[in-house]
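Both backbone and side-chain heavy atoms feed into the values below; hydrogens, waters and symmetry mates do not. Position 1 is the first residue of the sequence, and the numbers go up from there.
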Amino acid sequence: MRFPAFTLALLLLIAAAPLRAQQSPAASSRPQPQTPAAASVQAQAHGRLLLVLPFENHSGQPSLDWIGEGVPEIFNERLGSAGFLPISRGDRLYALDHLGLPLNFQPSRASTIRLAQTLDADYVISGFFTITGKEITLTARVLDVTGLKLGKPIVENAPLEQLLNTLNTLAWDAVKQIDPAYPVAESTFVAADANLHVEVFENYVRGLVEDSPTERIRHLHEALQLSPGFYPAWLALGRAYFSNQDYDQAAVAFGHLRQTDPHALEADFYRGLSYFYTGNYLKAEDAFAFDTTRLPLPEVVNNEAVAASRRGKDAVPLFQQAVAADPKDADYRFNLAVALAHRGDTAGALREITQALKLRPNDTEAQGIQTQLKSGAVIPASASNNSGPLERIKRSYNEAGFRQAAFELEQMQMMKLAMMPPAARAAELVKDGAVFLNRGLLLQAEREFQSALAADSSNAAAHAGLAQVRERTGNSTAARDEAQKSLSLQPNVPAHLVLARLDLASNQPAAAADEVSQALHLDPNNANARGMRQALESRGQQVP
């Protein structure tokens, strides 16, 4: 979701310095401070910012344009999980509009470079597809913007019904061309959408690109009827309802996303706004509070404070937190001034409203409050009945800011890990991998387990984690190999259970029972091992 005031500086994940210099203070609701830590993060991020363009439709069938539009959706999900920083569809469309180009523009190589430079992208992936009978051929090219080098064509061909597997394979090929040392297996990429049908994906993409809000909503409903667990469609449906100002339905749609979903922060930000616009300030405060516990960006802290204030609570500490995070935002200063006035702190309120007017001199409402405060007039203590000035809510979700903050946290964690001895570093990475694995995020889990093994190749838990990833992606041979490597290093329950499940799937109940027995010997109370014992015994196979 994007709004007219959502400026380019907010949309770009790592804005180019020349663009930052050209903007006026009013054009951005967030400053771009260059502290040493931020500069270090940006230096580490350089080389990972990536733009994926819709693929051109060379099939001669306009009804298949949705496939080209769908390519960036798959690539962005996979490449984001792979450690890159993909530029979202909204950011790309905003940049095209900023350059005066149509949204369906098919750029030449020169205009692609111009677009990439506007977005400060390091790589651009573009391509086209053709259809022959019931088969699709996709061709991708990777442009290294810094080196102005175009990589060799990457071509994948498959039956049209296997479109999603083919796109995931193509994404993996692109990653390997950019980073030949990338360790994640192709099977992990392809498994990400193993249960998603092409018809669901088509309706989802059409729900993103249709001009009519009604048609967008209809297609997204069709996608969710076919696959209720396809959470990107719930997010898109929430955006569509929100854009249509149907806030009750938007709150319901956003609420379907799990708190472990990668897009849960955005969903709860807009769910909070939806509740706020319908006057349900308690639920709005709760939704914003969830976001602040994960990534306390100032616009979210501000909105939590505004919702709390509407309920008659003292929100001064939260507004102070927002101001501390972004002292050059006039709205945060304004809100803190109003909250301090409600508290009876006239001197503090006057100080903050004066700062707000320095940042935005033509703010007539702030001028009026300043006049009242100077005259000694009392600002009404409750804003819930509109008897006084109301604190201002931020209506835009800064997706780029959220992603950058998450990236910065990840970089800080990496620097912390780098200071640890190899064995300790591997142990921490395994813990992170287990969290991803439990959430079903196999690609991220494999990255952590592979990093753990790079730090300490003798870490049995990392091999056991990889065994579980391989098992879930359907690669039973590799799963067995990793489990056996793990057990050769150290006896452990997860590896024994992987082997037990593989044996059971291969109709070898006796071998499975032996593995379960060894797992229970290590941990008699392990719930998974006990469950497998019950399953085996229900089939007549005794566990020693």
Side-chain angles (χ1 to χ4, degrees), residues 50-84 86 89 106 123-143 150-180 182-209 219 223 226-227 229-233 440-444 446 469-470 472-475 478:
L50 188 144
L51 171 65
V52 183
L53 297 174
F55 277 25
E56 297 180 40
N57 180 2
H58 290 181
S59 72
Q61 303 177 51
S63 62
L64 296 178
D65 284 349
W66 68 269
I67 294 177
E69 291 286 347
V71 171
E73 299 301 316
I74 293 292
F75 271 57
N76 285 354
E77 287 292 328
R78 299 294 87 79
L79 295 167
S81 299
F84 289 87
R89 180 175 183 271
Q106 294 292 345
Y123 296 95
V124 178
I125 298 176
S126 60
F128 62 90
F129 68 92
T130 59
I131 303 289
T132 303
K134 294 184 178 181
E135 291 203 342
I136 183 169
T137 300
L138 297 117
T139 302
R141 302 292 296 270
V142 179
L143 173 66
L150 191 63
K152 294 181 179 179
I154 305 170
V155 182
E156 291 289 344
N157 176 273
L160 190 55
E161 62 185 18
Q162 296 180 16
L163 173 65
L164 296 177
N165 284 352
T166 309
L167 288 175
N168 281 310
T169 299
L170 199 66
W172 184 79
D173 292 339
V175 169
K176 294 295 286 186
Q177 187 174 104
I178 296 171
D179 182 4
Y182 184 68
V184 174
E186 179 181 352
S187 59
T188 307
F189 258 84
V190 175
D193 295 311
N195 299 319
L196 184 63
H197 295 291
V198 172
E199 186 179 357
V200 175
F201 185 62
E202 176 182 354
N203 275 293
Y204 166 65
V205 174
R206 292 188 184 278
L208 296 177
V209 303
H219 279 294
L226 294 167
S227 181
F230 185 45
Y231 295 105
L441 302 174
L442 301 185
L443 200 159
Q444 293 93 325
E446 179 166 345
V469 171
R470 298 287 177 262
R472 295 193 192 184
T473 60
N475 191 338

Arg89: partners by side-chain contact (heavy atoms from CB on, under 4.5 Å), with sequence neighbours left out
Glu69, Glu73, Arg92, Leu93, Val209
Just jot down the side chain to side chain donor-acceptor pair (under 3.5 Å) partners of [X], sequence neighbours excluded, or say none.
| X | result |
| --- | --- |
| Glu156 | none |
| Asn76 | none |
| Thr188 | Glu446, Arg470 |

Do [X] and [Y] touch side chain to side chain, with heavy atoms closer than 4.5 Å?
| X | Y | value |
| --- | --- | --- |
| Phe84 | Ile178 | yes |
| Phe129 | Val71 | no |
| Leu64 | Ile136 | no |
| Phe55 | Leu53 | no |

Shortest non-hydrogen contact from [X] toward [Y]:
| X | Y | result |
| --- | --- | --- |
| Val205 | Gly70 | CG2-CA, 3.7 Å |
| Pro62 | Gly60 | CD-O, 3.5 Å |
| Pro86 | Gly80 | CD-CA, 3.7 Å |

To the nearest 0.5 angstrom, please state how far the [atom1] atom of [X] sits from the [atom2] atom of [Y].
| X | Y | atom1 | atom2 | value |
| --- | --- | --- | --- | --- |
| Asp65 | Glu56 | CG | CD | 11.0 Å |
| Ser126 | Leu150 | OG | CG | 7.0 Å |
| Leu79 | Leu443 | CG | CG | 9.5 Å |
| Phe189 | Ile74 | CZ | CD1 | 11.5 Å |

Checking Leu160 against Val198 for the side-chain contact (heavy atoms from CB on, under 4.5 Å) test, could you report, in this order, the C-alpha distance in whole Å, the side-chain angles of both residues, the deciding distance, and whether it holds?
CA-CA 9 Å; Leu160 190 55; Val198 172; 5.9 Å; no
If a pair satisfies side-chain hydrogen bond (donor to acceptor under 3.5 Å, both in side chains) and one of its residues is in residues 128-141, list it, with sequence neighbours excluded.
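side-chain hydrogen bond (donor to acceptor under 3.5 Å, both in side chains) check on residues 128-141 returns Thr137-Asn157.
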Restricting to ring-ring contact (aromatic ring centres under 6.0 Å, His included), what partner residues turn up for Tyr204, sequence neighbours left out?
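Here the qualifying residues are Phe230.
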Partners of Phe128 by ring-ring contact (aromatic ring centres under 6.0 Å, His included), sequence neighbours excluded?
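Partners of Phe128 under the ring-ring contact (aromatic ring centres under 6.0 Å, His included) test: His58.
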Which donor-acceptor pairs under 3.5 Å do side chains of residues 163-177 form with protein atoms, sequence neighbours excluded?
from: Thr166; atom 1: OG1; to: Gln162; atom 2: O; distance (Å): 2.8
from: Asn168; atom 1: OD1; to: Arg78; atom 2: NH1; distance (Å): 3.0
from: Asn168; atom 1: ND2; to: Leu164; atom 2: O; distance (Å): 3.0
from: Asn168; atom 1: ND2; to: Asp193; atom 2: OD2; distance (Å): 3.2
from: Thr169; atom 1: OG1; to: Asn165; atom 2: O; distance (Å): 2.9
from: Trp172; atom 1: NE1; to: Val184; atom 2: O; distance (Å): 2.9
from: Lys176; atom 1: NZ; to: Pro180; atom 2: O; distance (Å): 3.1
from: Lys176; atom 1: NZ; to: Tyr182; atom 2: O; distance (Å): 2.9
from: Gln177; atom 1: NE2; to: Lys152; atom 2: O; distance (Å): 3.2

Per the salt bridge (charged side-chain N to carboxylate O under 4.0 Å, His left out) rule, what does the pair list look like for residues 196-207, sequence neighbours excluded?
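Sorted pair list: Glu202-Arg206.
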